[in-house]
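Working notes for the structure below.
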Amino acid sequence: MTFIMKERKVQLLRVGFFACPNVKRVSPATISPSFECIEILTGGKLFFEVNGEVKQFERGAVFWHKGGEHTICETDANDPYRCIVLYFKVDDGNRPGPRVSLWESSDAAVDFATECHKAFHSGCADMEALSDYAYSTIRWKSSPHQSSVEIAFPEPLQRALTYIQMNYTSAIDPENIAEKSNLSRPYLFALFREYMKTTPYHYILQQRIGKAKLLLSGGLTPIKEIALLCGFDSLEVFYRQFKKETNLTPADYRKKYSAYPESWGRLCALQNLKGK
């Protein structure tokens, strides 16, 4: 029931469900050394301190505690939290993910927790595979590039990031972002410098390049069309920026990462024939 992930041994010991009674606080448990406890809210309301500020969390929030830390305990007596709890034995105390995370979809988090709960108690699951699946999924989904920005970032920055995510394929710039987010331009740049470690310009570029990579890796969408779909003013600008960010031209990236690179030439030829 053990597996190795980057030389880290992990063993899933138990999976259970907890329904908090109608009180404001329960006694938290202290996690023992060499263990990790992951609590995934399936309902109710919870209060937990993040970055020095107590915040309210609801369905889908994930709490990852390592040795020496305490489990969740503060709730709303009128709507107490419920959670599925996974306990792992680990060979070191270096938690590979954040203490608190919000996955892209709260439904996905709850469905995952429910799946693990049922599988663990089914009596017929491959426990080594379940350990591997559960820990790997939590680690991946809780990573910064997958987890929601709501926990770590202040509200003004959240507004700016949301606006960018919804409009990065359009002709937007820091002035637009600042105006739509009710921020001054200097404050916008200061927020990005402090929390994102980059500029608004480069963050927008990263979103566009990321979308371009996905389109290039699948399908036969012409590169010129991909440039427009991703918000680039021209094919020349797209090629220049893409090469600068990836050290590959869009065409080379497509050849390297398409699903069937050995068939790429034949597929292009077929597409050209159909167009005639």
Side-chain angles (χ1 to χ4, degrees), residues 10 14-90 92-110 112-113 116-117 134-135 137-162 181 183 187 190-197:
V10 179
R14 62 183 184 271
V15 182
F17 175 78
F18 176 75
C20 183
N22 294 87
V23 295
K24 290 184 177 181
R25 188 179 191 277
V26 293
S27 298
T30 302
I31 307 305
S32 301
S34 300
F35 290 87
E36 289 176 359
C37 170
I38 298 170
E39 299 171 298
I40 303 175
L41 295 191
T42 58
K45 296 177 181 177
L46 177 85
F47 302 101
F48 196 83
E49 184 177 314
V50 178
N51 296 330
E53 179 183 354
V54 175
K55 296 190 175 185
Q56 178 178 300
F57 296 93
E58 298 182 6
R59 185 176 186 273
V62 178
F63 300 84
W64 191 343
H65 316 290
K66 64 180 181 179
E69 295 177 337
H70 300 287
T71 56
I72 56 180
C73 60
E74 305 283 348
T75 190
D76 182 338
N78 295 316
D79 189 13
Y81 71 86
R82 286 87 67 195
C83 65
I84 289 176
V85 186
L86 296 87
Y87 275 91
F88 293 91
K89 184 176 182 180
V90 297
D92 63 55
N94 299 317
R95 175 181 54 227
R99 180 82 181 272
V100 186
S101 64
L102 299 177
W103 296 6
E104 185 177 2
S105 165
S106 59
D107 288 342
V110 173
F112 162 78
C116 291
H117 192 206
Y135 201 83
T137 300
I138 294 166
R139 184 176 182 179
W140 172 251
K141 290 290 189 179
S142 299
S143 60
H145 67 284
Q146 291 286 322
S147 184
S148 169
V149 302
E150 292 182 14
I151 294 174
F153 302 146
E155 177 62 28
L157 180 56
Q158 291 177 37
R159 293 198 303 269
L161 293 174
T162 299
S181 304
L183 303 172
Y187 185 40
L191 287 171
F192 267 80
R193 184 166 56 250
E194 179 178 356
Y195 292 95
M196 307 303 294
K197 310 304 179 186

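Hydrogens, waters and symmetry mates are skipped; everything else that's a heavy atom, side chains included, is used.
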* If you round to the nearest 0.5 Å, how far is OG1 of Thr42 from OH of Tyr81? -> 11.0 Å
* To do: Would you name the heavy atoms of Phe35 and Val90 that are closest together and state the gap between them?
  => N-CG2, 4.0 Å
* To do: Please report the closest heavy-atom contact between Gly60 and Ala109, naming both atoms and the distance.
  => O-CB, 3.5 Å
* To do: Please report the shortest heavy-atom distance between Arg82 and Gly44, naming the atom on each side.
  => NH1-N, 3.2 Å
* **Non-hydrogen atoms of Leu191 and Pro156 that approach each other most closely** => CD1-CB, 3.9 Å
* Give, for atom CZ of Arg25 and atom CD1 of Ile72, the distance between the pair rounded to the nearest 0.5 Å. => 12.0 Å
* Structure fact -> When rounded to the nearest 0.5 Å, the distance separating SG of Cys20 from NZ of Lys45 is 14.0 Å
* **Side-chain heavy-atom pair Glu39, Phe18 within 4.5 angstrom cut-off** => no
* Asked: Can you tell me how far CG of Leu102 sits from CZ of Arg59, rounded to the nearest 0.5 angstrom?
  -> 13.0 Å
* Euclidean distance, Asp76 CG relative to Phe47 CZ, rounded to 0.5 Å -> 5.0 Å
* Asked: Where do Met196 and Leu161 land on the side-chain contact (heavy atoms from CB on, under 4.5 Å) test, with the steps shown first?
  -> CA-CA 10 Å; Met196 307 303 294; Leu161 293 174; 4.2 Å; yes
* Is the shortest heavy-atom distance from the side chain of Glu74 to the side chain of Val54 under 4.5 Å? -> no
* Asked: Looking at side-chain heavy atoms only, is the closest gap between Val26 and Pro21 below 4.5 Å?
  -> yes
* To do: Please report the C-alpha distance between Trp103 and Ser142 in whole Å, then the side-chain angles of each, then the deciding distance to 0.1 Å, and finally whether the side-chain contact (heavy atoms from CB on, under 4.5 Å) criterion is met.
  => CA-CA 7 Å; Trp103 296 6; Ser142 299; 3.4 Å; yes
* **Steps toward side-chain contact (heavy atoms from CB on, under 4.5 Å) verdict (Cys116, Ile84)** => CA-CA 9 Å; Cys116 291; Ile84 289 176; 6.0 Å; no
* Asked: Would you call Cys83 and Ile40 a side-chain contact if the rule is heavy atoms closer than 4.5 Å?
  -> no
* Using the benzene-type ring in the case of Trp, are the ring centres of Tyr135 and Trp64 under 6.0 Å apart? -> yes
* **Closest approach of Pro28 to His70 (non-hydrogen atoms, all atoms of both residues)** => CB-CB, 4.0 Å
* Under the side-chain contact (heavy atoms from CB on, under 4.5 Å) rule, what do Glu36 and His65 come out as? Steps first, then yes or no, please. => CA-CA 6 Å; Glu36 289 176 359; His65 316 290; over 6 Å; no
* Atom of Ala134, atom of Leu86 and distance for their closest heavy-atom approach -> CB-CD2, 4.1 Å
* 4.5 Å side-chain heavy-atom contact, Phe63 and Leu41 -> yes
* Structure fact -> So CG of Asp79 and CG of Leu46: to nearest 0.5 Å the spacing works out to 11.0 Å
